[in-house]
Chemist: 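Provided herewith is a single structure, encoded as structure tokens, for subsequent inquiry.
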Amino acid sequence: RRDNMGRYASDGSSYDDYSENSYARRGYSRGDAKDHMMSKLGEMMEEADPNEREILKQAMRKIEKA
């Protein structure tokens with residue numbers, strides 16, 4: 001496990017502690033990640049120049065298909 005600074009904990013615990021149930025309790029889903037990424041790309045488009053905007057649109061289309 002890692003602590004809140006991203007360092008590995010020194011208590012000897014292992015990744016075996018990450019069962020499916022504990023993973024689900026964290027509330028993360030692929031759909032949530034996809035929505036978050038689309039939102040971030042939309043924010044980036046607001047300040048992008050035309051070339052960057054096209055690249056961001058391409059990325060958004062690829063994420064939508066995933």
Side-chain angles (χ1 to χ4, degrees):
R1 285 189 185 190
R2 293 179 183 233
D3 64 9
N4 62 354
M5 298 294 289
R7 300 172 296 208
Y8 286 99
S10 60
D11 65 358
S13 64
S14 70
Y15 285 99
D16 292 338
D17 295 337
Y18 288 93
S19 68
E20 285 185 33
N21 291 335
S22 67
Y23 184 78
R25 282 193 298 265
R26 282 184 251 149
Y28 174 83
S29 74
R30 184 173 180 177
D32 290 343
K34 187 175 180 178
D35 291 343
H36 178 74
M37 181 56 70
M38 294 296 281
S39 174
K40 286 293 185 186
L41 290 171
E43 290 173 13
M44 292 170 68
M45 285 182 70
E46 293 174 7
E47 298 182 24
D49 65 38
N51 186 45
E52 294 169 331
R53 194 170 287 125
E54 183 57 36
I55 293 167
L56 291 168
K57 284 179 186 177
Q58 290 174 12
M60 291 175 86
R61 284 192 294 267
K62 288 180 180 183
I63 291 170
E64 273 297 316
K65 291 179 182 179

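For the numbers below, each heavy atom of this structure counts, side chains included, while hydrogens, waters and symmetry mates do not.
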Chemist: How about Lys57 and Glu54: do any of their side-chain heavy atoms sit closer than 4.5 Å?
Modeler: yes
Chemist: Let me confirm one number: the OG-CE distance from Ser39 to Met44, rounded to the nearest 0.5 Å.
Modeler: 11.5 Å
Chemist: Just verifying a value: how many Å separate Asp35 CG and Arg30 CZ, rounded to the nearest 0.5 Å?
Modeler: 12.0 Å
Chemist: Is Ile63 reachable from Leu56 through a run of hydrophobic residues whose side-chain heavy atoms are each under 4.5 Å from the next?
Modeler: yes
Chemist: Please indicate whether Lys40 has more than 12 foreign heavy atoms, meaning atoms of other residues, nucleotides or ligands, lying under 6.0 Å from its NZ.
Modeler: no
Chemist: Got a second to check how far Arg53's CZ is from Asn51's CG, nearest 0.5 Å?
Modeler: 10.5 Å
Chemist: Evaluate whether atom CE of Met45 has more than 12 neighbouring non-hydrogen atoms of other residues, nucleotides or ligands under 6.0 angstrom away.
Modeler: yes
Chemist: Is the side chain of Glu52 donor-acceptor paired with the backbone N or O of Asp49 at a distance under 3.5 Å, no angle test?
Modeler: yes
Chemist: Would you indicate whether Glu47, at its atom CD, is surrounded by more than 12 heavy atoms from other residues, nucleotides or ligands within a distance under 6.0 Å?
Modeler: no
Chemist: Could you tell me whether Met38 atom CE has more than 12 heavy atoms of other residues or ligands within 6.0 Å of it?
Modeler: yes
Chemist: Please determine whether side chain to side chain contact (heavy atoms under 4.5 Å, CB included) holds for the pair Arg61 and Gln58, giving the CA-CA distance in whole Å, both sets of side-chain angles, and the decisive distance to 0.1 Å.
Modeler: CA-CA 5 Å; Arg61 284 192 294 267; Gln58 290 174 12; 3.2 Å; yes
